[in-house]
Amino acid sequence: MARELQKTYDPKDFEEALYQKWLEADCFSPKSSAKGTFSVVIPPPNVTGQLHIGHALNHTTQDILVRFKRMQGYETLWLPGTDHAGIATQIRVEQDLRENEHKSRHDLGREKFVKRVWDWKATYGAKILEQTKKLGSSCDFSRLRFTMDEGLSRAVRKTFVDYYQKGLVYQGYRITNWCPHCVTALADTEVEHKDLEGAFWDIKYPVKEGGFITIATTRPETLLGDTAVAVHPDDERYKDLVGKTVLLPLTDREIPVIADEYVDMEFGTGVVKITPCHDPNDFEVGLRHDLAQICIFDDHARVNENGGRYQGMDRFEARKAVLADLKELGLLVGERKHTHAVGHCYRCGTIIEPLASKQWFVKMKPLAEPAIEAVKTGKVRFVPEHFEKIYLNWMENIHDWCISRQLWWGHRIPAFYCDACGKTTVSETDLTVCPHCGGAVHQDEDVLDTWFSSALWPFSTLGWPDQTADYQKYYPTSVLVTAYDIITFWVSKMIFSGLALTGQVPFPTVFIHGLVRDAQGRKMSKSLGNGVDPLEVVEAYGADALRFTLATGSTPGNDLRFSMDRVEASRNFANKLWNASRFVLMNANESVGEDPLCEALGAEDKWILCEYQRLIREVTTNLEHYEIGVALSKLYDFIWDVYCDWYIELCKPRLNEKGTPQNRAALSTLLYVLRGTLKLLHPIMPFITEEIYQKLPHASGFIMTSDWPQADERFDFEREMRAMEEVIDVIRAVRRIRAEKNVPPKVKAPLYLKTDDPDAFSQSEPYFIRLAGASELAFVTKAPEGCIAAATNAATAFLRLSDLVDTEAEKARLSAECENLEKQIAITEKKLENRDFVSRAPEAVVNKEREKLERYRAALANSRAALAAL
RNA sequence: GGGAGCUUAGCUCAGCUGGUUAGAGCAUCUGCCUUACAAGCAGGGGGUCACAGGUUCGAGUCCUGUAGUUCCCACCA
């Protein structure tokens with residue numbers, strides 16, 4: 001029969017096929033709706049490699065929201081795409097080139113190398129798409145974007161030129177964070193500070209006029225680039241020295257002693273060496289005092305020609321050599337251990353070298369102000385709220401943003417330098433001649449920071465700067481879903497860019513999720529090898545199980561630990577739903593009515609219908625408030641505990657009465673609730689719900705494009721629901737008694753019930769017979785003879801002990817058990833009295849014996865009590 | 001040096017605006033192949049909700065402090 005589900009739940013049987021069907025039916029593109037739009041742009045994964053489990057969390061979260069809104073009838077767009085990820089991708093391709101062909105990018109040359117990266121992008125971009133599909137993501141692939149697409153590149157250029165004309169982009173010679181391995185400048189956000197064990201060295205500098213001055217430094221090798229020594233103007237100790245000249249050791253240079261407020265008198269010796277080219281503060285001091293700038297490192301942080309005999313040494317070799325030489329000269333007078341924060345490149349981990357160089361910057365103050373305002377006034381809201389502090393803290397302490405990178409992969413800076421007149425022209429279109437003098441021009445060699453283009457993502461992907469239909473319809477987007485680790489990198493940049501360029505916030509809500517960690521709680525990383533490939537999980541357990549796992553067990557903004565145990569539990573849930581549906585389908589057929597409301601509705605039907613209405617209301621509210629985990633746990637409980645464990649069991653007797661009104665009522669309620677519950681679950685587990693939905697009687701179309709369930713007041717049977725709950729309570733109580741007495745299910749016994757609310761139990765005899773092992777139900781007003789009682793809020797249930805257990809046999813069994821236990825206890829006691837055993841055996845073994853003894857004694861007490869009760 | 005989060009059952013985590021006996025999954029124990037499901041069913045054990053104060057009729061939930069832990073930000077040589 002076409003309506004049957006396969007006997008075993010195997011997601012491989014249908015997940016892929018269903019996804020194809022959705023694609024073929026064009027289910028993912030927005031359908032115009034009077035209800036309004038709901039749009040989301042994907043945080044574009046880097047084309048560096050494949051997706052990891054963190055992406056799976058991000059995508060799942062978005063897909064849940066998107067599918068929910070789509071079913072609610074909004075014109076829903078989820079726009080997919082990828083990021084060129086400048087440094088990260090370039091490093092990966094260079095590594096690949098080195099490992100496979102033993103070549104550097106310079107061997108290929110810029111053009112060939114960039115082509116090579118495009119090939120890489122083609123490969124990994126496609127892989128990422130494949131993975132996205134396997135997860136069930138319902139993005140509109142007809143609108144797929146890449147940050148280096150023609151249109152998006154135009155947006156980048158337009159922005160750069162705009163900012164330039166407004167004076168927001170400027171070129172400056174400044175200290176920047178320089179990565180000697182990647183050979184490029186980095187933005188402050190791209191530097192990770194880690195505490196390193198280092199040392200403080202005290203070094204004596206000879207003063208020309210006589211005597212010495214002692215400075216303290218953590219970086220003695222930069223001494224080679226010193227152009228002054230500074231003290232605080234108010235420092236009495238050194239007042240006389242200001243204006244004198246110092247003979248810089250290891251070089252033949254003479255440098256002045258200057259006075260500057262920057263120096264902290266309390267710190268170290270109160271004297272600071274000034275190296276303008278290799279320290280941001282010293283650079284500023286240098287400017288104030290018009291000091292020479294002597295750069296002693298090349299792009300790879302090796303000592304250059306300014307370093308005299310140290311030329312060619314790596315910076316750390318140079319440190320050793322300088323220290324050794326100073327020691328030799330007797331100028332090294334102290335060394336103390338000292339830990340301090342050292343900047344590392346966020347991509348390759350190399351220690352950052354502050355280096356003075358000419359770079360492009362974005363002036364941040366004017367851009368940050370409205371962006372701060374937008375969050376403070378609630379135009380942009382963070383969920384959970386406390387993440388706005390991270391954002392504000394960063395925005396309020398903003399520094400200018402270094403946007404030029406000495407890389408080949410990225411958007412080339414649209415600045416053109418005239419070889420003749422020397423003027424700089426910034427232009428949206430490529431120039432060949434200078435607009436000022438007509439001379440030949442050459443374009444800036446550098447590319448823009450990758451975040452410069454991602455900053456525009458919410459609108460550049462929709463066609464901006466053109467006022468396209470998509471842009472007008474879907475911008476601003478509805479919500480941004482991302483992890484907290486890129487709030488400063490990305491979220492902040494989109495907000496100020498959106499405000500500056502489109503005059504609007506790019507999204508009213510930022511929904512923050514946590515990071516996925518491994519079972520031990522460690523961050524997943526390549527070097528640890530603890531990363532989980534989402535596709536392997538999908539392969540083994542199905543996309544629905546993976547999605548379920550990611551959607552549950554964590555709250556917004558909190559990290560979640562990923563373990564296969566949890567995926568397995570999720571799969572078990574899917575299996576449960578599968579089997580319950582299979583059972584319903586085995587009994588149902590097309591003749592069952594779609595609306596369950598009828599005369600024959602039983603108490604249990606009213607109960608489940610009422611519970612179901614409550615579920616609709618709660619799940620809907622939870623999803624609207626981004627409480628995905630809460631919504632899901634309610635669905636889980638409803639499906640497993642309420643629908644499967646109780647409702648289906650309660651229905652079973654009526655399922656054999658084919659053709660009766662009671663039978664039809666049961667079936668239509670089973671189907672009605674199942675259909676609606678599948679819909680509620682669909683955003684989270686799209687595949688299994690679609691597969692089952694398609695098999696249901698009266699099914700037409702897709703569940704994914706069906707309407708979201710609405711609570712139906714006709715089914716608010718509150719009173720009946722409470723009555724049923726009381727029945728369930730009593731059944732539980734009776735089961736407890738039977739379990740405690742070890743009564744086999746086959747043994748049936750009369751059940752006596754004492755209650756003040758007989759109405760609630762008037763129709764309940766069949767339930768007790770089926771689910772509580774009762775042979776009949778009798779109401780009593782006082783406790784019958786020889787009975788055990790179990791009380792609930794509404795009633796007291798009585799069972800006659802002699803009905804439940806064969807007294808003689810039980811007596812015999814219990815006496816045997818007591819005897820056996822006594823024997824065991826004697827043996828164990830003897831063992832523990834044996835001094836040899838206690839002293840020689842490992843403590844754990846002895847303890848185990850002691851525990852055993854305790855257990856035996858407890859068991860014996862129990863058995864004796866039971867015996868006495870008979 | 002600032003700031004934020006976390007600390008609840010053996011393990012991993014839920015507990016919304018304070019309200020009846022603090023929940024789930026996994027693990028564990030007991031009994032069940034009760035024909036939708038052993039990837040299951042029924043029942044049980046296990047928590048002084050990190051600690052110390054405070055507000056309140058009432059606190060896991062709010063306030064203050066302490067400890068441990070994770071993370072973010074930060075140009076003190």
Side-chain angles (χ1 to χ4, degrees), chain A residues 5 7-9 175 177 188-189 192-193 200 215-219 222 230 262-264 266-275 279-285 338 340-341 343 354 384 386-390 392-394 396-397 399 484-485 487-488 514-515 517 519 521 523 541 545 549 552-555 557-566 568-587 618 621-622 625 627 629-630 632-633 636-637 640-641 644-645 648-649 652 731-732 735-746 770-773 793 855:
Chain A
L5 290 171
K7 185 141 195 296
T8 50
Y9 165 66
I175 292 279
N177 309 293
D188 293 342
T189 42
E192 282 177 356
H193 291 272
F200 245 132
I215 59 99
T217 181
T218 54
R219 301 205 49 199
T222 60
Y262 152 68
V263 181
D264 181 351
E266 311 291 312
F267 194 86
T269 57
V271 189
V272 186
K273 60 196 271 309
I274 302 294
T275 321
D279 182 280
N281 295 306
D282 293 8
F283 185 82
E284 297 298 323
V285 174
H338 176 66
H340 59 139
H386 69 256
F387 283 105
E388 79 172 42
K389 284 192 184 161
I390 293 180
L392 287 173
N393 183 31
W394 188 77
E396 282 164 355
N397 298 295
H399 295 277
Y484 60 75
D485 59 341
I487 291 174
T488 52
L515 271 24
R517 297 174 176 277
K523 216 166 170 172
Y541 294 99
T549 307
T552 189
S554 97
T555 33
N558 282 3
D559 290 351
L560 87 96
R561 288 195 197 198
F562 190 85
S563 77
M564 282 303 173
D565 286 359
R566 295 195 37 225
E568 208 167 302
S570 307
R571 188 272 321 265
N572 292 353
F573 171 65
N575 186 55
K576 185 74 183 175
L577 174 62
W578 183 266
N579 279 303
S581 306
R582 202 159 61 84
F583 177 75
V584 173
L585 283 169
M586 278 164 50
N587 289 284
E618 292 184 359
T621 310
N622 288 142
H625 294 162
E627 294 157 352
V630 180
L632 186 46
S633 87
Y636 182 97
D637 290 345
W640 201 310
D641 299 343
C644 293
D645 287 350
I648 287 183
E649 294 306 324
K652 276 179 178 171
I731 292 174
R732 285 211 172 102
R735 281 175 174 173
R736 203 171 305 133
I737 294 178
R738 294 178 60 105
E740 277 164 9
K741 299 292 163 200
N742 272 334
V743 181
K746 286 171 200 99
R770 182 165 164 77
L771 300 175
N793 285 335
R855 272 208 310 275

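- Whole-Å rounding puts the A:Tyr262 OH to B:rA77 P distance at 8 Å.
- For the OP1/OP2 pair of B:rG5 and a distance below 4.0 Å, the side-chain nitrogens and oxygens of A:Lys389 include no atom meeting the criterion.
- As a whole-Å value, the separation of A:Ile274 CD1 from B:rC75 P is 17 Å.
- Counting distance only, with no hydrogens placed and no angle test, the side-chain atoms of A:Asp565 and the base atoms of B:rC26 include no donor-acceptor pair under 3.5 Å.
- Taking the side chain of A:Arg566 as heavy atoms from C-beta on, and the options B:rA77, B:rA36, B:rU12, the nearest nucleotide is B:rU12.
- Rounded to an integer number of Å, the gap from NZ of A:Lys7 to P of B:rA38 is 7 Å.
- In this structure, A:Asn558 contributes its side chain and A:Gly514 its backbone to no donor-acceptor pair below 3.5 Å.
- Using the Watson-Crick or G-U wobble rule with both distances under 3.5 Å, B:rC33 pairs with nothing in any strand shown.
- The side chain of A:Asn572 has B:rG40 as its nearest neighbour among B:rA77, B:rA36, B:rG40.
- Look at B:rA38: it lacks any Watson-Crick or wobble partner with both distances under 3.5 angstrom.
- If you check every strand for non-hydrogen atoms under 4.0 Å, A:Val271 touches nothing.
- As judged by a 4.0 angstrom heavy-atom cut-off over every strand, A:Ala569 is placed among residues touching the sugar-phosphate backbone only.
- Taking the centre and axis of the six-membered ring of A:Phe583, the NZ or CZ atom of A:Lys652 falls inside the cone set by 45° and 6.0 Å.
- Of the candidates B:rC26, B:rA4, B:rC37, B:rC37 carries the atom nearest the A:Lys576 side chain, counting heavy atoms from C-beta on.
- Using C1' as the reference atom, B:rU55 and B:rG44 are 40 Å apart when rounded to the nearest Å.
- In the set B:rA36, B:rA4, B:rU70, B:rA36 carries the atom at the smallest distance from any side-chain atom of A:Asn579.
- Look at B:rG53: its Watson-Crick or wobble partner, with both distances under 3.5 angstrom, is B:rC63.
- Atom CG in A:Asn587 sits roughly 12 Å away from atom P in B:rC37 (whole-Å rounding).
- A:Arg561 has its CZ atom 7 Å from the C1' atom of B:rU12, to the nearest Å.
- The listed nucleotides are B:rG44, B:rA4, B:rU70; the one nearest the side chain of A:His386 is B:rA4.
- Here the nucleotide nearest the side chain of A:Arg732, chosen from B:rG5, B:rA77, B:rG43, is B:rG43.
- A side-chain hydrogen bond (donor to acceptor under 3.5 Å, both in side chains) with A:Glu627 is found for exactly one of A:Thr555, A:Thr621, A:Asn622, namely A:Asn622.
- Using atom P as the reference point in both B:rA9 and B:rG15, the two lie 15 Å apart (nearest Å).
- In this structure, the nucleotide among B:rA14, B:rC37, B:rC75 sitting nearest to the side chain of A:Thr555 is B:rA14.
- A:Asn558 comes within 4.0 angstrom of the backbone, heavy atoms only, and of no base.
- Residue contacts shown for A:Phe573 are absent, as no nucleic acid heavy atom lies under 4.0 Å away.
- Base pairing of B:rG68: its partner is B:rC6, meeting the Watson-Crick or G-U wobble criterion (both donor-acceptor distances under 3.5 Å).
- Not a single donor-acceptor contact under 3.5 angstrom links the side-chain atoms of A:Glu388 to the base of B:rA4.
- The nearest whole Å value for the distance from the CZ atom in A:Phe387 to the P atom in B:rC72 is 12 Å.
- In this structure, the side chains of A:Tyr9 and A:Arg571 come closer than 4.5 Å at one or more pairs of heavy atoms.
- Comparing B:rC73, B:rA77, B:rA74 by their nearest atom to the side chain of A:Thr488 picks out B:rC73.
- Among the atoms of the strands shown, base atoms are found under 4.0 Å from some heavy atom of A:Glu649.
- Within 4.0 Å (heavy atoms only), A:Lys523 reaches no atom of the nucleic acid at all.
- Within 4.0 Å of A:Asp645, counting heavy atoms only, lie sugar-phosphate atoms of the nucleic acid but no base atom.
- Comparing B:rC72, B:rG40, B:rC75 against the side chain of A:Trp640 picks out B:rG40 as the nearest.
- Of the nucleotides present, B:rC11 is the one that pairs with B:rG25 by Watson-Crick or G-U wobble criteria, both distances under 3.5 Å.
- Between the side chain of A:Arg735 and the base of B:rA42, no donor-acceptor pair under 3.5 Å is found.
- Here B:rC73 is the nucleotide among B:rG43, B:rA36, B:rC73 with the atom lying nearest to any side-chain atom of A:Asn393.
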